[in-house]
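Here is the structure we will look at, set down as structure tokens.
One-based numbering, in listed order, for ligands and for the atoms of each. The structure presented is a predicted model; accordingly, all values stated were derived computationally and were not measured.
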Amino acid sequence: MSNKMWGGRFSSGPDAIMEDINASIDFDRHLYRQDIAASKAHADMLAKQGIIGADDARKIAHGLDTILSEIDGGSFSFKRALEDIHMNVESRLAELIGAPAGRLHTARSRNDQVATDFKLWTRDQIDALDAALKDYQRALAEKALAHAATIMPGFTHLQTAQPVTFGHHLLAYVEMAARDRGRFADARKRLNESPLGSGALAGTSFGLDRAMTAKALGFDRPTANSLDAVSDRDFAMETLAAASIAAVHLSRFAEEIVIWSSPLSGLIRLSDKFTTGSSMMPQKRNPDAAELVRAKTGRIIGALNGLMIVMKGLPLAYAKDMQEDKEGVMDALEALTLSIAAMTGMVRDMEPDSARMKKMAGEGYTTATDLADWLVQTLKMPFRDAHHVAGRIVARAAEQNVPLHRLPLADLQAIEPKITDDVFSVLSVVNSVKSRTSYGGTAPKNVRMQAKRWLRLLDKAAK
Ligand code: ARG
């Protein structure tokens, strides 16, 4: 039998393989809320414009509400023969209300319908991601405030470089998450134009009120070009780009958590809630959640890559290729949502080993820069000369196998006679971090101020 919705010119139904490759209901069923909301807005508008009768519009709205509760309640039966969510809903509407159902698709195509539904769905996801990222920021800022003065080794090239504070390190990720939220907010702003009423590609001859449906669905305005409206997916690509960057940030942090919790460094302890055991080695506590966050970044970036490749060769306007837009986006945003939640949980529960952090912060002559800075500030040496002198002092300390602050004054003076014992005041890790008071620096008082600033901001936005 040919398709009820579009089969007028067909004498036979599709091959089973055709049905398999064509059906999108297995994934676009997730758009049911948005599909029903857009249909209700469309029917309302058609009635207001006198394109369909008020009575039919009422029946349509009522039928759509019934379908919504059927799907919500799990009693709706999705049919692959009906291809997608749009035709599944419309076909059920015909079963429920009969002839008036056939008027719903007036002045509408699945092309403007799917673009509308998918934008609405993506917008909802962006809002949920924003809330999740905010929670993550709060967890980081709270932990940062508690550890504003906890000293840890700061790294470049994963070699200990200079002492920093744990709070400062955590706040770095708060800043990244803030920019991630900004990117999602930008994507949302550009996404928020309604394609509904663009028809298949050319617009329609009916006297629609597109501003009315746009407003009813929370869009800022209707799209201004029907060809563009039905055939671009830049909103999905942009959202995936924002998601990919956010995922990269989470992944870098996840990698640090793996390193920090390894016995090789032993800087933090993760809670039992976010680690797993080994089936063979009874002693193991593995940071699986962090590893999976790191790994999920792959599929998120893959989804962006995949969609860009789907789109890059498509002439205007709609082509069925675009049906391949949804699975990647759905999978990627689900992975990102889960990753943010896992990172938030790990941050809340992680406990630094403060003693070990402090000890490691001092290993490897990490206050050599403080020594050079002292030579510049106290002896008025040019920085390049000071760097050289400090380097020679490090070499002497290494020869004697002692940290800088244990090197006798006589040894320091053998290299630079003008050095006095005042220099020892800058060689400890505590004084080193305390001195980093430049704006954005790691000094505990800066970190306390920044953590409080973030907590205030996050609270304010919650009200
Ligand atoms: N399921 C389709 C999609 O996701 C809906 C649009 C179908 N349009 C068409 N002309 N066949 O893209």
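Ligand 1 places these atoms under 4.0 Å from at least one heavy atom of Ser24: 1 (N).
Which of Arg110, Arg233, Met87, His86 comes nearest to atom 11 (N) of ligand 1 through a heavy atom is settled by distance: it is Arg110.
Scanning the protein heavy atoms around atom 2 (C) of ligand 1, the nearest turns out to be Gln323 OE1, 3.2 Å. Nearest protein heavy-atom neighbour of atom 5 (C) of ligand 1: Asp84 OD2, 3.6 Å. Nearest protein heavy-atom neighbour of atom 8 (N) of ligand 1: Asn111 OD1, 2.9 Å. Looking only at heavy atoms of the protein, atom 7 (C) of ligand 1 is closest to Tyr318 OH, 3.5 Å.
Of all the heavy atoms of Asp28, the ones lying under 4.0 Å from any atom of ligand 1 belong exclusively to the side chain. Only side-chain heavy atoms of Lys326 come within less than 4.0 Å of ligand 1; its backbone N, CA, C and O stay farther off.
Judged by distance alone, with hydrogens and angles left aside, the side-chain atoms of Arg123 form a donor-acceptor pair with the main-chain N or O of Gly218 at under 3.5 Å.
Salt bridge Lys40/Asp44: absent, no basic N to carboxylate O contact under 4.0 Å.
Side-chain contact between His168 and His147 is absent, with no heavy-atom pair separated by less than 4.5 Å. The side-chain heavy atoms of Met87 and Arg110, taken from C-beta on, include a pair separated by under 4.5 Å.
Here the straight-line distance linking atom CD1 of Ile25 with atom NE2 of His86 works out to 8.5 Å at 0.5 Å rounding.
For Lys320, the NZ atom is densely surrounded, since the number of other residues' heavy atoms within 6.0 Å is greater than 12.
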